[in-house]
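Chain naming here is simple, since letters A, B, ... match the order of the sequence lines and numbering starts at 1 in each.
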Protein chains: 2
Amino acid sequence: MSEVFLKDALVTLKESGVRITPQRHAILEFLISSEQHPTADEIYKALEADFPNMSVATVYNNLRVFRNAGLVKELTYGDSSSRFDFVTHDHYHIICDVCGRIVDFHHPGLEEVEHLASHVTGFKVNSHRLEVYGTCPECAS
Amino acid sequence: MSEVFLKDALVTLKESGVRITPQRHAILEFLISSEQHPTADEIYKALEADFPNMSVATVYNNLRVFRNAGLVKELTYGDSSSRFDFVTHDHYHIICDVCGRIVDFHHPGLEEVEHLASHVTGFKVNSHRLEVYGTCPECAS
DNA sequence: TAAACTAATTATAATGATTATAAAGAAGTA
DNA sequence: TACTTCTTTATAATCATTATAATTAGTTTA
């Protein structure tokens with residue numbers, strides 16, 4: 001399953017003229033396999049063993065490359081550092097107020113909200129962002 | 001109208017044992033009158049004339065105090081600095097991808113989404129966050 | 001009202017995430 | 001193989017935010 005995502009991602013990159021380097025391959029692979037929405041630093045640390053000489057800048061640079069290619073979404077919450085999420089299909093996030101864990105969930109798109117917003121404000125709507133906050137089962141017990 | 005908001009806010013603060021200083025008064029007043037969702041630095045600069053000796057730390061400290069009191073919401077987007085929004089009644093934001101302008105709009109709460117999220121993930125839901133992105137009428141023309 | 005207690009402000013330094021820069025290295029191409 | 005261009009690395013710079021310590025100012029109570 002995740003193999004397919006990786007292959008598709010590599011094709012997407014190649015088509016937009018981006019070179020596939022071992023570092024890029026590894027960052028993508030880690031992002032896809034990770035269910036944890038990691039920060040740039042977490043990615044950096046996770047790949048330290050395989051790439052002892054890799055620079056943090058490489059991680060940031062490539063996350064930006066992936067984001068521009070539409071492969072990765074950057075999630076910004078109140079805390080200090082961004083988290084990165086490999087884009088598979090549309091899903092929303094629910095975030096635990098206690099431990100910060102981010103869990104995916106699916107919900108039909110909110111077109112009606114987009115329509116209303118467009119109607120009221122006169123904006124031409126492109127997209128929306130929705131997050132739900134609460135307490136995860138582990139922290140609740 | 002905004003006078004009422006200010007008075008209510010001051011009462012709320014007093015009730016939670018927070019002292020009303022001239023700086024706090026000014027920051028609140030500016031936040032309420034502003035339709036621009038300012039950054040901490042914008043608040044600091046706006047009050048520079050009236051409070052030449054005020055420290056940036058004071059702005060940050062008090063924004064945190066207001067946030068803890070539930071008077072102010074912190075908005076974090078991709079860009080570097082947070083924006084702060086005085087809480088009146090529930091409303092959502094639509095953000096222009098071109099110029100970054102943030103406009104308020106109202107929409108009935110999305111309880112059904114919260115319910116579904118809770119059901120699927122087992123979380124105890126507290127709140128949610130929704131933002132719509134697009135192009136504002138000015139930038140579209 | 002004035003002393004006393006405590007919280008708030010100020011000035012400054014520190015932190016920490018992210019970005020910029022320049023040199024070295026590697027991928028793709030003729 | 002030599003060339004061009006993109007990528008990585010190492011490091012320094014930037015910038016928002018927070019921590020610290022000393023000073024100042026609200027608030028309380030006698």
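Taking only side-chain nitrogens and oxygens, B/Q23 comes nearer than 4.0 Å to OP1 or OP2 of C/dT10. Taking only side-chain nitrogens and oxygens, A/Y60 never comes nearer than 4.0 Å to OP1 or OP2 of C/dT19. Using a 4.0 Å cut-off, some side-chain N or O of B/T58 falls inside it from OP1 or OP2 of C/dT10.
Per the geometry, CG belonging to B/N53 stands 11 Å off P belonging to D/dT24, to the nearest Å. Rounded to an integer number of Å, the gap from A/D41 CG to C/dT19 P is 14 Å. Rounded to whole angstrom, the span from the CG atom of B/N61 across to the P atom of D/dT17 amounts to 13 Å. The OH atom of B/Y44 sits 12 Å away from the C1' atom of C/dT9 (whole-angstrom rounding). Distance NZ (B/K45) to C1' (D/dC15): 11 Å, rounded to an integer number of Å. What separates CD1 of B/I27 from C1' of C/dT10 is a distance of 13 Å, to the nearest Å. Separating the CG atom of A/N62 from the P atom of C/dT19 is a distance of 13 Å, rounded to the nearest angstrom. One interatomic measurement links the two molecules: CG of B/D79 to P of C/dT18, which rounds to 13 Å at whole-angstrom precision.
Between A/E138 and A/R101, at least one side-chain nitrogen of the basic residue sits less than 4.0 Å from a carboxylate oxygen of the acidic one, meeting the salt-bridge criterion.
Considering only side-chain atoms of A/R24, the nucleotide from D/dT7, C/dT10, D/dG26 that sits closest is D/dT7. Relative to the side chain of A/V18, the nucleotides D/dA16, D/dT7, C/dT10 differ in distance, and D/dT7 lies closest.
Residue contacts for A/T39: at a heavy-atom cut-off of 4.0 Å it reaches no nucleic acid atom on any strand shown. Contact annotation for B/I20: backbone-only contact, meaning every heavy-atom pair under 4.0 Å involves sugar-phosphate atoms and none involves a base.
Donor-acceptor pairing under 3.5 Å, judged by distance alone, is absent between the side chain of B/T21 and the base of C/dA8. In the interface, the side chain of B/S55 is paired with the base of C/dA11 through a donor and an acceptor atom under 3.5 Å apart. Between the base of D/dT5 and the side chain of A/R19 there is a donor-acceptor pair shorter than 3.5 Å.
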Exercise for the section: Evaluate the criterion side-chain hydrogen bond (donor to acceptor under 3.5 Å, both in side chains) for residue pair A/Y133 and A/E131; output intermediate values, then yes/no. Expected result: CA-CA 7 Å; A/Y133 295 86; A/E131 284 142 24; 3.0 Å; yes

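Residue whose closest nucleotide on DNA chain D sits further toward the 5' end, between A/G17 and A/P52: A/G17. For B/S81 and B/K14, each mapped to the nucleotide of DNA chain D holding its nearest heavy atom, the one lying further toward the 5' end belongs to B/S81.
The side-chain heavy atoms of B/Y77 and B/H93, taken from C-beta on, include a pair separated by under 4.5 Å. Contact annotation: the side chain of B/H128 never approaches that of B/V113 to less than 4.5 Å [non-hydrogen atoms, C-beta and beyond].
Linking Ile, Leu, Val, Met, Phe, Trp and Tyr whenever their side-chain heavy atoms come within less than 4.5 Å leaves A/I102 and A/I43 in two separate clusters.
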